[in-house]
Amino acid sequence: MFGKLTISAFVHDPITNVAILGTIIIGIVGIILLIRFKKLSWLWKNWLTSLDPKKIGVMYIAIATFMLLRGLADVLLIRTQQALSSGASHGIINADTFQQVFSAHGTMMIFFVAMGFLFGILNLIVPPQIGSRDVAFPFLNSVSFWLFAGGALLVNLSLAVGEFSAAGWLAYPPLSELSYSPGVGVDYWIWSLQIAGVGSLLSGINFLVTIIKLRAPGMTPMKMPIFIWSVLGSMSLVVFAFPILTATLSMLALDRTLGMHFFTAEAGGNAMMYVNLIWAWGHPEVYILILPAFGIFSEIVSVFSGKRLFGYKSMVWALGAITFLSFTVWLHHFFTMGAGADVNSFFGIMTMIIAIPTGVKIFNWLFTMYRGRVRLTTPMLWFLGFVVTFTLGGVAGVLMSVPAIDYQVHNSLFLVAHFHTMIIGGVLFGIFAGFTYWFPKFTGFTLNERIGRWAFWVWLFGFLLAFIPLYILGLMGATRRLDHYDASLGWQGLFIVAGIGATLICIGVALQILQVIVSIVQRKQHLVLDGDPWNGRTLEWSTVSPPPSYTFAVIPIVTDRDDFWVSKHQSIPDQVPRHYRAIAVPKNTSAGIVIAGFATLIGFAVIWQIIWLIPVALLGLIISCIIRLSHDAEEEIISAVDVERQELTARRQRDLV
């Protein structure tokens, strides 16, 4: 009746049991607190069923934060194991658990931390920055989020029920085929990514249409903020790249569940086809993540330098070049496959070329700062940290674009260090900068600057300590996925330093959490009464903080790229209508949760081969979609009187500043 699900699926090693117990306790305490303060109904009605992109954005960030903490716990296990497992000592976890932790860490940090923070910020910022009240498809936005949440649930469920993949974060065949991974770990990996990936694809379509169709009157393409250009490039990549991931995961799932042989060499398949397909998605994925970070840095540098962004048109062209070229470099991830000198040369040259538009952006940011009134706020510190770390990682990337050099460092910790330098120094630092910069927009108060600076410096030094030793170890021959090594190699000291760096990173994250808590407690001291704490340049700062559910009472008319900045400094009066109009906003619905719930249940049923549950869950998914689609989009009306009252209150609040 329960397929492969037996009591043995709940038996784990002591460290895993502690993690499971801790997660259960935290969950129970959370539910008790919600019941104690009578917030369960409030949470359901005002948040979980909401179609407001601002609330969906906050929920994305909440899940991404939880997954970040889970990923950091895995990092501590990995680094502790590598620091201690030398010679006669075999560390704290066995080899199989280490590979599961290694695979889970990479999967979570890319798919559920970086992507979660990315879509959270997009939901919060894209509509108000283009002068729109909402995204193009509000209900689809809810479904996308809950599919993302369903994928995250499966990853964490594997901790308690069964196991996770030990085949690495990209699950190369033949290691991920049944003959080498007969358990359910790879299936958990496939279906968590498949479900979350469909959600990401739907979000990509949604934001692409939003930017193209819902811009404010007068906002022509060359008047769009550079952040919106970066999102446009990123979402274009999502639309073109994620179907490749969906198809690839489907073929691997068919290999494992129905005995097909797309990637099994002994049965006529080709494992290298999988590697080509996964990186045809995987390298654009790097730019899906990094392009919005570039856009965030562009906004921050301009605001905190008190100047227009230098070389706006060249930045737009650079973003376009990166978007296009990101599809021409995937093979540099496996120069060693034996494709031949001609193929390797082409992809090596394209890898060098793609560094050029990235360099253009670095110089444009520095020229924006030149002779500007630079304010070294916390968001600006994250930018400067990015310049240092990303440049270091970029140089290493150009080095590895030479196939002969790549042959020497391929599959080594040098590669691991490079990848983390780009993703952490680029994507995460960008996310932290954007979170700090836009935090007051959606809360009404700024974050504590002193603790934010502490968090930045601890993060930066922890990052350098954690990954510079890995560059050295890679050149010394240390491979990734290494859970034990001979003491005579002389690697242990560097692994210990890397472990200290990882610990400092965890302390940095703890300081960031403390920063948020202290800021909430002291929020009355840091209120943003006028909605514009940084002297911003773009439309999102033109509304009160936090913005009302409808965001704009009157859709703005754009006349300049930095329209809000121009209106402030040329004393252009606010566009105040004589009579406000009623505004329709989407009504809350639980349909997104139900649809994503059935999709997640299908994934769980396939993982454990609970045959009867698959058609039941599939039928539930189809019926719930039909019911939702057979109804007209339901809206609730905010009356003109309520709109006018909220706007007059906001105006009086600004007049007090």
Side-chain angles (χ1 to χ4, degrees), residues 103 105-116 118-119 122 144 147-148 151-152 154-155 165 167-173 175-177 186-208 231-256 262-263 269-293 322-335 337 339 343 347 350-351 354 397 415 418-419 422-423 426-427 603:
S103 303
H105 168 72
T107 302
M108 289 187 295
M109 297 303 281
I110 294 296
F111 290 95
F112 299 102
V113 176
M115 292 294 285
L118 167 64
F119 282 118
L122 264 54
S144 300
L147 288 171
F148 168 83
L154 284 180
V155 171
S165 170
W169 77 280
L170 286 181
Y172 285 180
L175 188 57
S176 57
E177 295 281 351
V186 174
D187 299 304
Y188 265 118
W189 179 86
I190 290 171
W191 288 98
S192 62
L193 266 58
Q194 191 73 292
I195 292 167
V198 171
S200 297
L201 177 59
L202 296 178
S203 285
I205 295 169
N206 204 347
F207 282 106
L208 201 60
V231 174
L232 188 66
S234 176
M235 295 302 102
S236 299
L237 291 176
V238 167
V239 170
F240 284 103
F242 265 82
I244 301 174
L245 177 67
T246 301
T248 307
L249 294 176
S250 298
M251 286 187 279
L252 183 60
L254 289 170
D255 275 11
R256 292 181 58 84
F262 291 104
F263 308 124
N270 187 346
M272 285 313 305
M273 180 171 71
Y274 178 92
V275 180
N276 272 279
L277 286 171
I278 203 71
W279 280 115
W281 159 82
H283 201 87
E285 167 67 8
V286 173
Y287 291 98
I288 287 169
L289 298 175
I290 200 67
L291 286 178
I322 292 170
T323 301
F324 173 76
L325 291 171
S326 67
F327 277 107
T328 67
V329 294
W330 81 86
L331 198 129
H332 71 216
H333 291 275
F334 45 100
F335 275 145
M337 70 176 280
V343 172
F347 282 91
M350 297 309 295
T351 303
I354 202 172
L415 172 63
H418 160 68
F419 184 76
M422 306 304 283
I423 296 299
V427 178

Practice task
Establish, from distance only, whether the side-chain atoms of Trp189 and Thr107 form a donor-acceptor pair under 3.5 Å.
Solution key: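 Looking only at side-chain atoms, Thr107 and Trp189 do form a donor-acceptor pair, the distance falling under 3.5 Å.
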
Do you know the tightest heavy-atom contact between [X] and [Y]?
X      : Y      : value
Leu118 : Leu289 : CD2-CD2, 4.3 Å
Val427 : Ile290 : N-CD1, 3.6 Å
Phe262 : Met273 : O-CE, 3.7 Å
Ser144 : Ser203 : CB-OG, 3.1 Å
Phe148 : Gly116 : CZ-CA, 3.5 Å
Ser103 : Gly168 : OG-N, 2.8 Å

In Å and rounded to the nearest 0.5 Å, what is the [atom1] to [atom2] distance from [X] to [Y]?
X      : Y      : atom1 : atom2 : answer
Leu245 : Ile278 : CG    : CD1   : 5.5 Å
Ile423 : Glu285 : CD1   : CD    : 8.0 Å
Leu254 : Met251 : CG    : CE    : 9.0 Å
Leu154 : Phe112 : CG    : CZ    : 8.0 Å
Ser200 : Leu193 : OG    : CG    : 9.0 Å
Asn276 : Thr248 : CG    : OG1   : 10.0 Å

Handout entry: CA sep, side-chain torsions, deciding dist, call: Ile110, Phe419, side-chain contact (heavy atoms from CB on, under 4.5 Å)
Key = CA-CA 11 Å; Ile110 294 296; Phe419 184 76; 3.9 Å; yes

Short question: side chain of [X], backbone of [Y] - any donor-acceptor pair under 3.5 Å?
X      : Y      : result
Tyr274 : Ala171 : yes
Thr328 : Phe324 : no
Arg256 : Ser176 : yes
Ser326 : Pro284 : no
Asn206 : Leu202 : no
Ser192 : Gly151 : no
Asp255 : Phe263 : yes
His283 : Ala280 : no

Exercise for the section: Begin with the C-alpha distance, continue with both residues' side-chain angles, and end with the deciding distance and a verdict on side-chain contact (heavy atoms from CB on, under 4.5 Å) for Ile288 and Phe242. Expected result: CA-CA 10 Å; Ile288 287 169; Phe242 265 82; 3.8 Å; yes

Practice task
Starting from the C-alpha separation in whole Å, work towards a yes-or-no answer on side-chain contact (heavy atoms from CB on, under 4.5 Å) for Met108 and Trp169.
Solution key: CA-CA 9 Å; Met108 289 187 295; Trp169 77 280; over 6 Å; no

Got [X] and [Y] here, is their nearest side-chain heavy-atom distance under 4.5 Å?
X      : Y      : answer
Leu291 : Leu237 : yes
Val186 : Tyr188 : no
Met350 : Phe347 : no
Gln194 : Thr246 : yes

Handout entry: Criterion ring pair (Phe, Tyr, Trp, His ring centres under 6.0 Å) on Phe111 and Trp281, from CA distance to verdict
Key = CA-CA 13 Å; Phe111 290 95; Trp281 159 82; 5.3 Å; yes

Practice task
Evaluate the ring planes of Phe207 and Phe119, with Trp represented by its six-membered ring, and classify them as parallel (under 30°), tilted (30 to 60°) or perpendicular (over 60°).
Solution key: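 Aromatic pair Phe207/Phe119 classed parallel.
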
Practice task
Step through the shown structure and confirm whether more than 12 heavy atoms of other residues, nucleotides or ligands are within 6.0 Å of CZ on Phe327.
Solution key: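 Yes.
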
Exercise for the section: Could you walk me through whether Val343 and Phe335 pass side-chain contact (heavy atoms from CB on, under 4.5 Å), step by step? Expected result: CA-CA 9 Å; Val343 172; Phe335 275 145; over 6 Å; no

